[in-house]
Every structure is written in structure tokens, then in C-alpha cells.
Amino acid sequence: MTDVSSQGSAPGDDREILTNRQGHPVYDNQNQRTVGKRGPATLENYHFLEKMSHFDRERIPERVVHARGVTAYGFFEAYGTWGDEPIDRYTRAKLFQERGKRTDIALRFSTVIGGRDSSECARDPRGFAIKFYTEDGNWDLVGNNLAVFFIRDAIKFPDVIHSLKPDPVTFHQEPNRIFDFMSQSPESLHMLVNLFSPRGIPSDYRHQQGFGVNTYKWVDQAGDTVLVKYTWMPKQGVRSMTEDDAANVQAHETGHATKDLHEAIDRGDYPEWELLVQMMSDEEHPELDFDPLDDTKTWPEQDFPPKPVGRIVLDRNVSNNFAENEQISFGTGVLVDGLDFSDDKMLVGRTFSYSDTQRYRVGPNYLQLPVNQAKHSPVRTNQRDGLMTYYQDTAGKSPHVNYEPSITGGLREGQYPTNDEQGPEIRGRLTRSRIPLTNDYKQAGQRFRLMEQWERDDLVKNFTNMLLQCDRPIQERMVWHFLLVEDELGLRVGEGLGIAPGDVSHLEPLQSQDPTDEDRERMGRLGENGPRDVSGLEMTHCVPNERYVAER
């Protein structure tokens, strides 16, 4: 007999009474109301209809990118300095100023391309997004585990993601689609050299780096600015897997990284990262052979040393995965006083896209959700209503005034901390043009030379296996690119594909390319340029990488 409705509580049963969302006690959660025991059911089944209609809506649209992820809570602790210098020389952001000052954070790790139930063993960039709940409101630092990105202009973002996503007809991820796009986008080579190396498959979330990728600005008390890049360095070390190692892990578990993070925090093994900041003056820097605002480039450490400014510790798991992980919402435009935007073309595009997608996916009032609210600063707006408003933002003295300006009890503007005029003067004609200095091959080649041997071997194997599944013209163009990146890379991949330098020497640069003088010299000696000189070079993502060997 399964009919247990309206039986009351058994002796000693002190559990709380089930209610509906209206607060009404539920007396029968087993049976619909029907005409007679066999039915039919009646239309006024309020509890059934509420229960089922909510269940029908339990899922919100998953993120187009970063769909699978895990969130944990912790704190950021400031050092009060940039290296050995007082940090207030460079930024007035309050969370950095005082040594030992702690700020609450939420951190979401994620994969990028796969869906919500995809494998965490897949080769994919990993998201590293942090929400700082500061006294001046929230700051979101949204980055990846790899220091660069595929493209340098946000207008190409839908295209690069479409190429990496499954085929719209077969719904299968196709190497031919991926390298069709990449072969025509040589700016992607630096990212590809990273992604197809073991660093494209971190052993877990605790052993990965994090990078802001974009260039930002810091603003001091006088309104003076500097350009900065952010790097998170794991105190646990960096650890990655080969394709074979990942396959062995995936044979037993598709969510290994989420499980590892939860279990580490539960046992008190709190993961920790140090925040390092690179800095350069806020100007164009024509003396460099790369543009500091180009997201496909890193700033070499020997010229722009990363210096520590604080650390984060993760010490608490979420209590509700949906409310605190699925609905947590980040945006690159979420900055606090003392932090600002650079003219990075990717950053400008991301700042629109992130907030726009949150309003579509979670709803126009996504910032009212507890995980997204500012926690340590007041929120007072004239924004009203919209889908799923569940409280009214604090307004002025009069509830009748939901506009500004007003002298009858409304809100007023604050005073900007300094003169709201900062940075270098910018002059130019309206245009649609890429940045003048692209230099697509040099840093990719340097990155290859600075890899450990096991990383280079795995990179060559992965490129070869993927390109074997591609059309011959795509293979040839990719080998041509690889030979311009670094002889060893192009020769070894070419050997695996049966393509020698002479087979591609007839290829001309892409119509969209603007090769450097060095590039043209290398084109004339394909496969015979010799290894690039990387003596004394330090790149921000070349720290030692331990291999995580997994047996099946």
C-alpha cells in the first residue's frame, strides 16, 4: 500500500511539514485530485500544477560557452604592495590597499566548448572567473587557464566558437571545421600551440593557472593610469595530462575535476593561488614587436615582471549547485573604483556580450540573485520591474521618485574621486581595421621552444592526429603556418602528414595577412630557419608543468 497521504506524523517524527511556494501545508504529495479513485483528474489540482509547472522550468538555457563548471567560495587577501612598492602608487582600488585585508570571493572554473554534461577531460580552455564582493561593489575578473586567446577582435568571437562547436548538421565536433577556420586565422597559432599541448588538459582545476587575458588599467588617486595584466599562480603547482592520460581518466569519470575540487575543500585541503600583476606605462609602445592590447600575445616577464599583490584561498563549497553555480553571472565590465578598461578590442566586445547573455539566460533581474548581489556595499537604483523581480532596489527617501535628477526625495549622483579625464589622448579616423602590428608567428614559436620535451612531443602528436582528419588544402596551409612558427614543429607535423616543406613552399601569404620582414625571410627558407633564440626569455605561462600519469 503506497497511499500514505494524510496519515499524520508517526511517533517521534519531528521533521518539518512540506509546503508549497505559497506556504500552504501539503497534505497529499502522492496523489492528484480525481473524480473517483481511478480518475479522471480535475483541473483545479493546484499543488500538482504548481509542482509540475515548476519542474518543467527547472532548467535555464545553458551557457553557450563555459556551460560545464564548478563554483567555490573563499577570500582574497591583499599584500598592500605591488612587489616591494606600496600599491597606492598605482591604484586606489580599496581591496588592494591594506596588507591582510580580506575580500569575499566566488570562483567558477569551467570548460569552454562542451555542454553542461560534457567531459572535464576534453581538450579545451578552462575558465577561471572570480567575483570579488568588495566594499565598493562587485569586481569580476573573468579569465582562462591559458594566457592568450584565438582572436584579437571580438567581432570574430561567434566564428571561432562556431568552428570549435559541433557541426550544425551532424552535431559532431570536426577537426576539418576547426582547422579550416584556424588555417585562415594565423593570429590563432599562439593559442593553438598552448591548447594542443598538455596544458590544454589540466589534471584538475586546482593545478591550473589563471589569466585575465585582456589588458586592463589601474588608476591612482591622482587619476594617472598604467596598463596591467593579471596572472593567478597555483600554490599547488601546475599539472597537466596528455591525451592518453585524459582518456584513461575519462574511462572512469567525466566530472573528475569538479569532484576533485569538492573533495579537497571538504577535507580541508584548501587550494590557493597568488595574484601576480604585470605593468607597463599607458601608451602605444612602438618600441615593442607586439601590441600590448593584443590578446594573442603575452608580455615577456624579463621586461614586464609579474609581481605579487595578494592571494586567494577557496575554503567553502556551494550548498546549491543550481543557485550558486548555474546562476552565477560574470561580466568583464564589472569593475570597481581604481580599476578601468583599456582599449583592448576583445575587452570592449566581451563587456557588451557578457552582460547581454546574462540578461537572456538568467533574466533581466539576474543581479538580484544572492550569488550575484553586491554584499558589502549598498545597492540603490531606479531600475524597476521586469521578469522575476523579487524585491525592489533601495531607492531614495521617497518611493514615488524613480527617476533622476530630482529634488523631491530621489537619488543623486556621486562625486567622481578625481577629475574624470585620464589616459593618453587618442586621435584617429573612424575605420574598420586590425591593429597595425600583428606578428602572428614569433611568440608561438618562442612558446614551442620553451616547452618541456614531453609537452612538445604531445603537441606534435595531437596536431598530427587532428590534421589527419582534415582535407589536404587545410593540412598544407597548417604545415606552412607551423614552419613559420618553428622548424621543428612544422617538420615533425609535416612528416606525420606526409607533407614536406617543398610541398607548401608555393603557398602565398593569406590575403588578410601582413607578414613582418622576419616572416618573409622565413618563408624563403621554409624548414631551414633553425631554432628560435629564447635565451633569457621568460613567458608568463611557461612555469614548470608536472605530468599527471593516469592508468586505466
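The figures here come from the full heavy-atom set of this structure, side chains too, leaving out hydrogens, waters and symmetry mates.
By the side chain to side chain donor-acceptor pair (under 3.5 Å) test, Lys165 pairs with no residue at all, sequence neighbours left out. Listed by chain and number, the residues in a side-chain contact (heavy atoms from CB on, under 4.5 Å) with Asp291 are Leu293, Asp294, Ile435 (sequence neighbours excluded). Scored by the salt bridge (charged side-chain N to carboxylate O under 4.0 Å, His left out) test, Arg177 finds no partners at all (sequence neighbours excluded). Applying the side-chain contact (heavy atoms from CB on, under 4.5 Å) rule to Pro61 yields the partners Tyr360, Arg361; only residues at least two apart in sequence or on another chain are considered. Qualifying salt bridge (charged side-chain N to carboxylate O under 4.0 Å, His left out) partners for Asp282, counting only residues two or more places apart in sequence or in other chains: Lys217. Here Asn439 pairs with Asp289, Lys297, Lys442, Thr516 under the side-chain contact (heavy atoms from CB on, under 4.5 Å) rule; sequence neighbours left out. Remark: Tyr441 pairs with His481, Gln513 by the side chain to side chain donor-acceptor pair (under 3.5 Å) rule, at least two apart or across chains. Partners of His162 under the side chain to side chain donor-acceptor pair (under 3.5 Å) rule, at least two apart in sequence or in another chain, do not exist in this structure. Scanning for salt bridge (charged side-chain N to carboxylate O under 4.0 Å, His left out) contacts around Arg525 gives an empty result, with sequence neighbours left out. Partners of Ala550 according to the side-chain contact (heavy atoms from CB on, under 4.5 Å) rule, which considers only residues two or more places apart in sequence or in another chain, are Asp245, Asn248, Val249, Tyr548.
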Please report, to 0.1 Å, the donor-acceptor pairs under 3.5 Å made by any side chain of residues 500-507, with sequence neighbours excluded.
residue, atom, partner, partner atom, Å
Asp503, OD2, Ala500, N, 2.8
Ser505, OG, Gly502, O, 3.3
His506, ND1, Asp503, O, 3.3

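Legend: side-chain hydrogen bond (donor to acceptor under 3.5 Å, both in side chains) pairs involving residues 137-151, not counting sequence neighbours, sorted by first then second residue: Lys131-Asp140.
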